[in-house]
Amino acid sequence: MQAFTKHTGTVAPLERVNVDTDQIIPKQFLKSIKRTGFGDYLFDGWRFVDEGDLGMTPNERQLNHDFVLNQPAYQGASILLARDNFGCGSSREHAVWALQEFGFCVVLAPSFADIFYGNCFKNGLLPVVLNEREIDQLFHDCGQGYSLTVDLERQQVETSAGAIFNFQIDQGLKEKMLKGLDDISMTLAERALIESFEAKHRQSQPWLFLREE
Amino acid sequence: MAARTLYDKIWDAHLVGARKDGNSLIYIDLQLLHEVTSPQAFEGLTLNKRPLWRVDANLATPDHNVPTDQRELGMAGITDTIALQQVTALDDNCKSFGVEQFEILDPRQGIVHVVGPEQGATLPGMTIVCGDSHTSTHGAFAALAQGVGTSEVEHVMATQCLVQNKAKNYAVEVNGELSPGVYAKDLILAIIARLGTAGATGHTIEYRGSTIRALSMEARMTLCNMSIEAGARAGLVAVDQTTLDYVKGRPFAPSGDQWEAAQTYWRTLVSDADAIFDNTLQLRAEDIPPQVSWGTSPEQVAGIDEVVPDPGQFTDPVQVESAGHALKYMDLPAGKAIKDIYLDQIFIGSCTNARIEDLRAVAAIVRGKKLAANIKQALIVPGSGLVKAQAEAEGLAQIFVDAGFSWRAAGCSMCLAMNPDKLGPKEHCASTSNRNFEGRQGHAGRTHLVSPAMAAGAAIAGHFVDVREWL
């Protein structure tokens, strides 16, 4: 996983509550067996007027010019400003892959859905929770060329005018993001602990191991 | 020991260790696999030369993008080459890693969340994961069952563990008797309407109360299935005789002495009388009419006697905006009676409502009747090959066909429309599935979530009707 320490970038405001992962990356793109190739289809139903399918390229598509990410002011945005319960619905990690591949490094929202939030930390996309008032202010201020700096080490979002918003984050997740640590390697380092638990578990609930050869 | 909730008990029984950073390592007893969220995980194992930690703790079946017609053709029936590649990848991965799979032509194939319980692979007290958010279904068995992303699928494959923070406890208590014609689906939609789609984020819900105790296992699965639609990663129902009766004798369930030991333990899987919940919601079953969703979020539902709400009636500005968006997408005017919503398609199926009991409820409504003229297509997609066989043996399938329904083979089908079963643009569908998100059932399609009986009534009338009057 790529590490995340600090990022400065342009902000794109997505004024919608309960943005579900079906909107972030619609189902027809989940047929891919790869981890890449989803960026072109991010928010497909909102970015484009025509129905998309795997293999289509953006320049052969019909753009929805009303959608925020298609507006000239937000081209090249790398920070997504969102509303409550961002990433709800399906567990598809493809949603995170699509956001990252499109160019987003940070999502700011008052709240995130649990599975999406966890998926972000497996991939180095930083989800930042700010309170409702702060998010409202950012939506208010956000316009062409509006940029922010997100510093994970200091747990701060800084505006170009120098205003600072502090945010909370689980210390384990923070550490993992800062160092870009691989979860599986970390857990396998505790192999002995898992094996000893498993042995006890097999003894107390042997019916959970009936398919063992 | 302090009083514990059911969730606390299952958590404690699977706690491998606590990390310094506050997270915990939780042991996972069963991982269910399907074709869509597993290929990248298997690839990760291969690239890193890691084996499965426990081959026997995995069970696979293709469900999301298998076609539901001409099943006898097997893999040759998958005309979408990209979908075929994905189902083939599951086949190949299961063979090379030694994972048991119910492949496309196996009569036990079906939607993972129907197959697990049906086979007795889902057992009380288990921890279960699957790369699918509706894994919460298995909570009906007092199993802690959670949807995970593909990285976590790979993590469990490689380590048999999940790294997690413990969730809070949410008690949803329902007492009283559901009216005839009102089902678990109506109940869960009514619950989500009250909680909101993020109301139980960070919590595990335990469904409690006399109404829940009276529900069959099928109905409890419908209830737990949609926990994620209220933001909860898992839903639970405590073990009782109904649970044990359902599990006993199933192919993967323990038998003999093992059964005796298991059921003695399983009977302890209830919250202690004085256990404390972080949050509680209480409902009376009698107050709940059949529900119909009018918007694009599962919290946007109304009773059958109500009208499409005016966005302006919500107090929260965010809800006002969201309802406005939804009505525009659904092309519904505020004030329109729910009963005046006409349908183009009917979908009866999904991990929410594709079990035998659901199909019996449909048959009771449509027996001897015909689809309304405005219904272009009405699909009934059983949850598994075994549900299909049973429905055929009971004569239900013939009732459906006689009424004009298309009787299909098992899979997720038009719940998420990854296979060829889809809504056309702007079509309204009465659907027994779990999500009414924009485009979920097909590009620009419009989904109304309902119970199987309500979908059946709408199929015959052509618009929504109160099925309480049809019984």
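Proteins come first, then strands; the chains are lettered A, B, ... in the order of their sequence lines, and each starts at number 1.
Classification of E438(B) and R16(A) as a salt-bridged pair holds, one side-chain N sitting under 4.0 Å from a carboxylate O.
Looking at V19(A), neither its backbone nor its side chain comes within 4.5 Å of chain B, counting heavy atoms on both sides. Contacts of Q164(B) with chain A are absent, with no heavy-atom separation under 4.5 Å from either backbone or side chain. For a residue to count as touching a neighbouring chain, one of its non-hydrogen atoms must lie under 4.5 Å from one of that chain's; by this rule W53(B) touches chain A with the side chain only. Only the side chain of D182(A) has a heavy atom closer than 4.5 Å to any heavy atom of chain B. Contacts of V163(B) with chain A are made by side-chain atoms alone, with heavy-atom separations under 4.5 Å and no backbone atom involved. Only the side chain of R435(B) comes within less than 4.5 Å of a heavy atom in chain A; its backbone stays farther off. For a residue to count as touching a neighbouring chain, one of its non-hydrogen atoms must lie under 4.5 Å from one of that chain's; by this rule F252(B) touches chain A with backbone and side chain alike. Heavy atoms of Y265(B) lying under 4.5 Å from chain A belong exclusively to its side chain. Looking at E195(A), both its backbone and its side chain come within 4.5 Å of chain B, counting heavy atoms on both sides. Interface residue R35(A): backbone and side-chain heavy atoms are both found under 4.5 Å from chain B. Interface remark: D44(A) contributes no atoms to any contact with chain B (heavy atom separation under 4.5 Å). Both the backbone and the side chain of M186(A) come within contact range of chain B, each with at least one heavy atom under 4.5 Å from a heavy atom of that chain. For S297(B), the part lying near chain A is the side chain, with the backbone staying farther off; criterion is any non-hydrogen pair under 4.5 Å. If you measure heavy-atom distances from A232(B) to chain A, you find no contacts under 4.5 Å at all. Only the backbone of N58(B) comes within contact range of chain A, with at least one heavy atom under 4.5 Å from a heavy atom of that chain. Of the atoms belonging to A89(B), it is side-chain heavy atoms, and not backbone ones, that fall under 4.5 Å from chain A. No part of N434(B) comes within reach of chain A, as not one of its non-hydrogen atoms sits under 4.5 angstrom from that chain. Using a 4.5 Å cut-off between heavy atoms, N48(B) makes no contact with chain A at all. Neither the backbone nor the side chain of F116(A) has a heavy atom closer than 4.5 Å to any heavy atom of chain B. Contact of E51(A) with chain B is made through backbone and side chain together, with heavy-atom distances under 4.5 Å. Heavy atoms of P26(A) lying under 4.5 Å from chain B are absent altogether. If you measure heavy-atom distances from R191(A) to chain B, the contacts under 4.5 Å come from both the backbone and the side chain. For A253(B), the part lying near chain A is the backbone, with the side chain staying farther off; criterion is any non-hydrogen pair under 4.5 Å. Interface remark: Q258(B) contributes backbone and side-chain atoms alike to the contact with chain A (heavy atom separation under 4.5 Å).
Heavy-atom pairs under 4.5 Å with chain B peak, among Q28(A), Q23(A), E15(A), at Q23(A). Contacts with chain B were tallied for L54(A), N123(A), D170(A); D170(A) has the most, counting heavy-atom pairs under 4.5 Å. Contact count against chain B (heavy-atom pairs under 4.5 Å) is highest for G89(A) among G89(A), A95(A), S32(A). Options T150(B), I228(B), T201(B), D21(B) differ in how many heavy-atom pairs under 4.5 Å they form with chain A, and the most are formed by T150(B). Interface check for chain B: of the options N119(A), V96(A), D22(A), the most heavy-atom pairs under 4.5 Å are formed by D22(A). Most heavy-atom pairs under 4.5 Å with chain A: of the set G231(B), P298(B), A444(B), G202(B), this distinction falls to G202(B). In terms of heavy-atom pairs under 4.5 Å with chain B, the best-connected choice from L188(A), L208(A), L173(A), I194(A) is I194(A).
Using a 30° and 60° split on the angle between ring planes, Y27(B) and F197(A) fall in the tilted class, from 30° to 60°. Relative ring orientation between H14(B) and H201(A) is described as perpendicular, the plane-to-plane angle rising above 60° on a 0-90° scale split at 30° and 60°.
Sorted by first then second residue, the side chain to side chain donor-acceptor pair (under 3.5 Å) pairs that include residues 100-116 of chain A, not counting sequence neighbours, are D84(A)-S111(A).
Taking CG from D20(A) and OG1 from T296(B), the interatomic distance works out to 8.0 Å, rounded to the nearest 0.5 Å. Separation of atoms CZ (R54(B)) and CZ (R202(A)) is listed at 7.0 Å; rounding is to 0.5 Å. Going from atom CG of L210(A) over to atom CG of L123(B) covers 8.0 Å, rounded to the nearest 0.5 Å. One finds the CG atom of D56(B) at 5.0 Å from the CD atom of E212(A) (value rounded to the nearest 0.5 Å). Rounding to the nearest 0.5 Å places CG of D183(A) at 10.0 Å from CG of L162(B). In this structure, F121(A) CZ and E152(B) CD are separated by 12.0 Å, a value rounded to the nearest 0.5 Å.
Taking all atoms of both residues into account, the shortest heavy-atom contact from N23(B) to G172(A) is ND2-CA, 4.1 Å. Nearest approach of I115(A) to R233(B), heavy atoms of both residues: CG1-NE, 3.6 Å. In this structure, R211(A) and L30(B) approach most closely via the heavy-atom pair NH2-CD1, 3.8 Å. A pairwise comparison of heavy atoms in T187(A) and C161(B) identifies CG2-CB, 4.4 Å as the closest pair. The two residues K27(A) and G442(B) come nearest to each other via the heavy atoms NZ-N, 3.5 Å. Contact between G17(B) and L193(A) at its shortest, heavy atoms only, is CA-CD2, 4.2 Å.
Atom CG of N59(A) sits in a crowded spot, with more than 12 heavy atoms from other residues, nucleotides or ligands closer than 6.0 Å. The environment of CD in Q168(A) is sparse: at most 12 heavy-atom neighbours from other residues, nucleotides or ligands sit within 6.0 Å. Heavy-atom neighbours of Q203(A) CD from other residues, nucleotides or ligands within 6.0 Å: at or below the threshold of 12.
The closest side-chain donor-acceptor pair between Q40(B) and W97(A), if any, does not fall under 3.5 angstrom. Checking R50(B) against S185(A) by side-chain atom types alone, a donor-acceptor pair falls below 3.5 Å. In this structure, a donor-acceptor pair under 3.5 Å is absent between the side chains of S322(B) and N18(A).
Of the possible donor and acceptor atoms, none in the side chain of Q85(B) sits under 3.5 Å from a partner among the backbone N and O of I33(A). Listed for the E93(A) side chain is a donor-acceptor partner under 3.5 Å among the backbone atoms of S151(B).
Applying the side chain to side chain contact (heavy atoms under 4.5 Å, CB included) test between K31(A) and each of I82(B), N419(B), V36(B), V87(B) identifies I82(B) as the sole match.
Contact check for E321(B) versus V17(A): no side-chain heavy atoms found under the 4.5 Å cut-off.
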### Message
Let's go through R19(B) and E190(A) carefully: what are the C-alpha distance in whole Å and the side-chain angles of both, what is the deciding distance for salt bridge (Lys or Arg N to Asp or Glu O under 4.0 Å) to 0.1 Å, and is it a yes or a no?
### Response
CA-CA 10 Å; R19(B) 288 183 171 168; E190(A) 299 184 83; 2.8 Å; yes
